Colleague: 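The structure that follows is given in the form of structure tokens.
These numbers were taken from a predicted model, which means no experiment stands behind them. Excluded from the calculations below are hydrogen atoms, water molecules and symmetry mates; all remaining heavy atoms, backbone and side chain alike, are included. Here, residue 1 is the first one in the sequence, and each next residue gets the next number.
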Amino acid sequence: MKEKKNTNSTERLYKFFIYVVLILLAVSIIVPVGWVFMASVKQNKEFYGNPWTLPESFYWQNFVDAWNTAKMGEYMLNSVIVTALALIILLLVALPAAYGLSRFKFRGNKFLNTAFMGGLFINVNYIVVPIFLMLRDGDVWLKNVIGKSFLLNNLVVLAIVYAATALPFTIYLLSGYFATLAHDYEEAAYIDGASYSTTMWKIIFPMAKPSIITVILFNFLSFWNEYIISMTLMSSAKGPKTLPVGLLNLMQAQQSAAQYGIMYAGLVIVMLPTLILYICVQNKLTQGMTVGGLKG
């Protein structure tokens, strides 16, 4: 009886410790985010007093100035184009590749799986300079051949680079899930006369919906917030910029001009899409990877 009482006390102490840690973690995240939202609707003069005071009124002009004057609207459109295009390219390549590598045995299968797993250990920030040099040399060659270069400062090329750098992680994650599915699903489809592609698109991929949504969310956050590759490959002063690069330019300009409200409004514009996306898909992220199964 005494031993059981000690066990219950230990469990309560452990739960208390976990709750304290979770509460502190939540506060450390929520407070800065809430402060940024609060600061984004303050007038500039309010920043010279107590930074924790509530805004006197909701000054929405900060968002208008950030969107129009600071070109955040243009930067956001560029980020939407790059992120959407990169996700489409990534899924079109990664889904069939992961399905083939995990469900079929063929010559070179182990080598390809090992190569993709090896790609997980390559930090893209370490290879951004070689990527830039290859694209620059390609631009020089194109200019000599056709008189025009388009590899650098190109949103489409940037999206392709994003998709290519995300392939190892995406294929590794999807392959791990596809490998857990029973082959009975495919065999039943083959008996009904379905082809390999039909089985893949209509049987396997719908079953992998939670995993695919997880991949989309992780890669969306990575592409949307990526800075180093975008800054390197979109280095032209007059060329297009994505939102993180534009935000840094805005912060540098507004800090020197002491326009803090516009700067925080720009931060909110960057954060808002990721918050909305997470709210929309959080249920899919927490539900089981498979629902139901074969009976009998």
Side-chain angles (χ1 to χ4, degrees), residues 18 82-128 131 158-226 229 274 277-296:
I18 293 298
V82 171
T83 302
L85 188 57
L87 286 174
I88 291 172
I89 296 172
L90 178 63
L91 292 177
L92 288 176
V93 176
L95 283 172
Y99 175 71
L101 290 171
S102 61
R103 308 298 283 182
F104 301 101
K105 300 300 180 183
F106 53 89
R107 183 175 296 178
N109 179 282
K110 290 184 178 180
F111 171 77
L112 290 174
N113 275 306
T114 303
F116 280 117
M117 288 185 65
L120 295 172
F121 300 96
I122 300 176
N123 191 321
V124 67
N125 295 328
Y126 299 153
I127 61 173
V128 65
I131 292 174
L158 180 62
I160 294 173
V161 172
Y162 279 175
T165 55
L167 270 177
F169 166 76
T170 305
I171 291 178
Y172 173 76
L173 192 64
L174 291 174
S175 296
Y177 170 75
F178 289 148
T180 63
L181 297 178
H183 285 274
D184 303 58
Y185 296 105
E186 293 159 298
E187 292 173 1
Y190 297 151
I191 292 173
D192 290 337
S195 63
Y196 290 114
S197 60
T198 301
T199 303
M200 179 179 67
W201 287 103
K202 294 188 176 182
I203 304 297
I204 301 300
F205 288 173
M207 293 173 59
K209 189 176 180 181
S211 180
I212 294 173
I213 290 176
T214 302
V215 164
I216 291 175
L217 177 62
F218 285 163
N219 285 302
F220 173 86
L221 295 175
S222 176
F223 299 159
W224 187 263
N225 297 317
E226 201 287 319
I229 298 176
T274 58
L277 178 66
Y278 178 76
I279 291 171
C280 292
V281 303
Q282 61 176 336
N283 291 331
K284 294 292 183 181
L285 291 175
T286 55
Q287 76 179 32
M289 295 298 286
T290 57
V291 180
L294 296 176
K295 295 182 180 180

Colleague: Holding to side chain to side chain donor-acceptor pair (under 3.5 Å), I want the full list of residues that pass it with N219, two or more places apart in sequence or in another chain.
Modeller: T170
Colleague: Taking all atoms of both residues into account, what is the closest heavy-atom pair of A208 and F178, and its distance?
Modeller: CB-CE2, 3.5 Å
Colleague: Tell me whether F104 at atom CZ has more than 12 heavy atoms from other residues, nucleotides or ligands lying less than 6.0 Å away.
Modeller: yes
Colleague: Locate the shortest heavy-atom distance separating A159 from A86; write the atom from each residue and the value.
Modeller: O-CB, 3.5 Å
Colleague: For F169 and F218, take the angle between the two ring planes, folded into 0 to 90°, and tell me which bin it lands in: parallel under 30, tilted 30 to 60, perpendicular over 60.
Modeller: tilted
Colleague: Going from NZ on K202 to CE on M200, what distance comes out if it is rounded to the nearest 0.5 angstrom?
Modeller: 12.0 Å
Colleague: By side-chain contact (heavy atoms from CB on, under 4.5 Å), which residues pair with Y172, not counting sequence neighbours?
Modeller: M117, L120
Colleague: Compare every heavy atom of T180 with every heavy atom of G176, then report the nearest pair and how far apart it is.
Modeller: O-CG2, 3.3 Å
Colleague: Can you name the side chain to side chain donor-acceptor pair (under 3.5 Å) partners of S222, sequence neighbours left out?
Modeller: none
Colleague: Do the side chains of Y99 and T199 get nearer than 4.5 Å, heavy atoms only?
Modeller: yes
Colleague: As a quick check of understanding, evaluate side-chain contact (heavy atoms from CB on, under 4.5 Å) for V128 and V124, giving each step before the final call.
Modeller: CA-CA 6 Å; V128 65; V124 67; 5.7 Å; no
Colleague: Mind checking the CD1-CG spacing from I212 to L217? Nearest 0.5 Å is all I need.
Modeller: 14.0 Å
Colleague: Decide side-chain contact (heavy atoms from CB on, under 4.5 Å) for F223 and L87; before the verdict, give the C-alpha distance in whole Å, the side-chain angles of both, and the deciding distance to 0.1 Å.
Modeller: CA-CA 9 Å; F223 299 159; L87 286 174; 3.8 Å; yes
Colleague: Indicate the atoms forming the closest heavy-atom contact of P168 with G119, along with that distance.
Modeller: CB-C, 3.7 Å
Colleague: How are the rings of F220 and W224 set relative to one another: parallel (under 30°), tilted (30 to 60°) or perpendicular (over 60°)?
Modeller: parallel
Colleague: If the test is side-chain contact (heavy atoms from CB on, under 4.5 Å), which one of I89, I88, L95 qualifies with L91?
Modeller: L95
Colleague: Working to the nearest 0.5 Å, report the span between OG1 of T83 and CD1 of I216.
Modeller: 12.5 Å
Colleague: Please name the pair of heavy atoms, one in N109 and one in G100, separated by the smallest distance, quoted to 0.1 Å.
Modeller: ND2-O, 4.3 Å
Colleague: I would like to know whether I229 and I131 meet side-chain contact (heavy atoms from CB on, under 4.5 Å); could you show each step before the answer?
Modeller: CA-CA 9 Å; I229 298 176; I131 292 174; 5.8 Å; no
